[in-house]
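Worksheet: the structure to be examined is printed underneath.
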Amino acid sequence: MMREGTGSRLVVAASGPSSPGLRGRGMEPEASDEELMQAVAGGDGEAFAVLLRRHLPTVRAIGWRMLGSAEAADDLAQEVFLRIWQAPEKFDAGRGPFRHWLARVGANAAIDRLRERKVQSLDDDADGGGQALADTLADPQPDPEAQAVRVQHLRRLREAVARLPERQRLAISLAHDLGHGNMEIAEIMGVSVEAVESLLARARRTLKERLRQELVDASASRSTASRHEDGAR
Amino acid sequence: MSGQVDRMEISAFRRLLDVHGSDMARWPEEARVQAQALLLSDARARRLLAEARALEDLLRADAPPPEGDLAQRIMARVMAGDAVQQGGEMTQGRQPVSVRRVRDHRRRRMMTPWWAAAPLAASLLLGVWLGLSGALAPVEQVLLADAADDLAFIMEVAAPAEETEGELL
């Protein structure tokens, strides 16, 4: 059995009728990323499918934050994973873990795309970006008014993030979307920890300045929710 | 150890929030102890912490929508041996070993020359004529039927194969 979240259809697709499969070669689906990449270098589609399932959200998260749309994030993920499939030898396990290398590949591809098309204006979101935002809310509000406020906050957040310099935006994505610590971010971005701290500090300060009112509202809402929870106890 | 904690300035607290975020587990230990003492005594510090948490909540709420069938689409492109655009140049497509094997077999089949079947077809036509003319014994007619089967097999192998990638998906 594949681990949870890995589509069996994909595994069948990738293994083909004559492939012994990961398990047949003594390689469990829980194999490390580095072991899987070694198999991918030998043309193992099944190993690639496991890596894809495992790390697709990482590349999409970077694309989402850097490029500002789900479509762009999906395109980026396709490009990155096809590149990995076609040139797996570019990964050198001796130079760090796969997930750091992958984040670096994703980040570089995102920055390339940004430089090709410049920053997409969120104001050009002609089909009602509010609805698109509402659809993506992780925690939709039952109250339509609260929902509208939340959508407005997220719109302002995206505008503020989109105006950050590329490297600050990337540092924010690696810290908040992928949960990396400052040392890991330094490794991924190929800069010193001090440089990462500076990037993050400037980015967070700028976002707080640009989102002052939204953050005041969100803090108030958080306090209210917290009081309600206390009252319920 | 006196148990005395040095007082942290609010500017230092703000700087630590900007550098490390609101999760104090990620802060240097000494700073964490000082910050906790400051939070107990200074409303401004509590407000700054709430502001940092609100920003992180917003960032967390702004997650990408579900990926749908993206993984399947990428695998389909891998199976099809799609090339990818890199810096204005197309890279060579690459397929999984199992798919390459199927494709190579299919290519060999497609490359079987039509003229390889020509002598057999000629002898078959001669045999049919001999059979119809009553010149062949029954056993010879059986051999003739076998030859017809062989010809049909060769023609089938020589015919272009239908695209059947879907079978592998």
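No hydrogens, no waters, no symmetry mates; every other heavy atom, side chains included, goes into these values. Keep in mind that this is a model prediction, so the values were computed, not measured. Just so we're on the same page: letters track the sequence lines, and every chain starts at 1.
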Engaged part of [X] at the chain B interface, taking heavy atoms whose separation is under 4.5 Å:
X: A:Arg202; value: neither
X: A:Ala109; value: neither
X: A:Ile172; value: side chain
X: A:Leu157; value: side chain

query = Should the heavy atoms of other residues, nucleotides or ligands under 6.0 Å from CD of A:Glu89 be counted, would the total exceed 12?
reply = yes

request  = Taking atom CD of B:Glu67 as the centre, report whether more than 12 heavy atoms of other residues, nucleotides or ligands fall under 6.0 Å from it.
outcome  = yes

message = Counting heavy-atom pairs under 4.5 Å with chain A, which one of B:Leu16, B:Leu70, B:Leu17, B:Asp23 comes out on top?
response = B:Leu70

key: chain B interface, residue from A:Ala61, A:Ala203, A:Ala87, A:Ala201 that has the most non-hydrogen pairs under 4.5 Å   = A:Ala201

query = Does any heavy atom of chain A fall under 4.5 Å from the side chain of B:Arg15, the backbone, both, or neither of them?
reply =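 Side chain only.
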
inquiry  = Between A:Arg156 (side chain only) and A:Arg210 (backbone N and O only), is there a donor and an acceptor less than 3.5 Å apart?
reply    = yes

query = Which distance, rounded to the nearest 0.5 Å, do you find between the CG of B:Leu59 and the CZ of A:Arg204?
reply =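 If we round to the nearest 0.5 Å, B:Leu59:CG and A:Arg204:CZ are 9.0 Å apart.
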
ask   = For the side chain to side chain contact (heavy atoms under 4.5 Å, CB included) test, which of A:Leu102, A:Leu178, A:Asp177 pairs with A:Ile62?
value = A:Leu178

task = Using a 4.5 Å cut-off on heavy atoms from C-beta on, say whether the side chain of A:Leu200 contacts that of B:Val19.
result = no

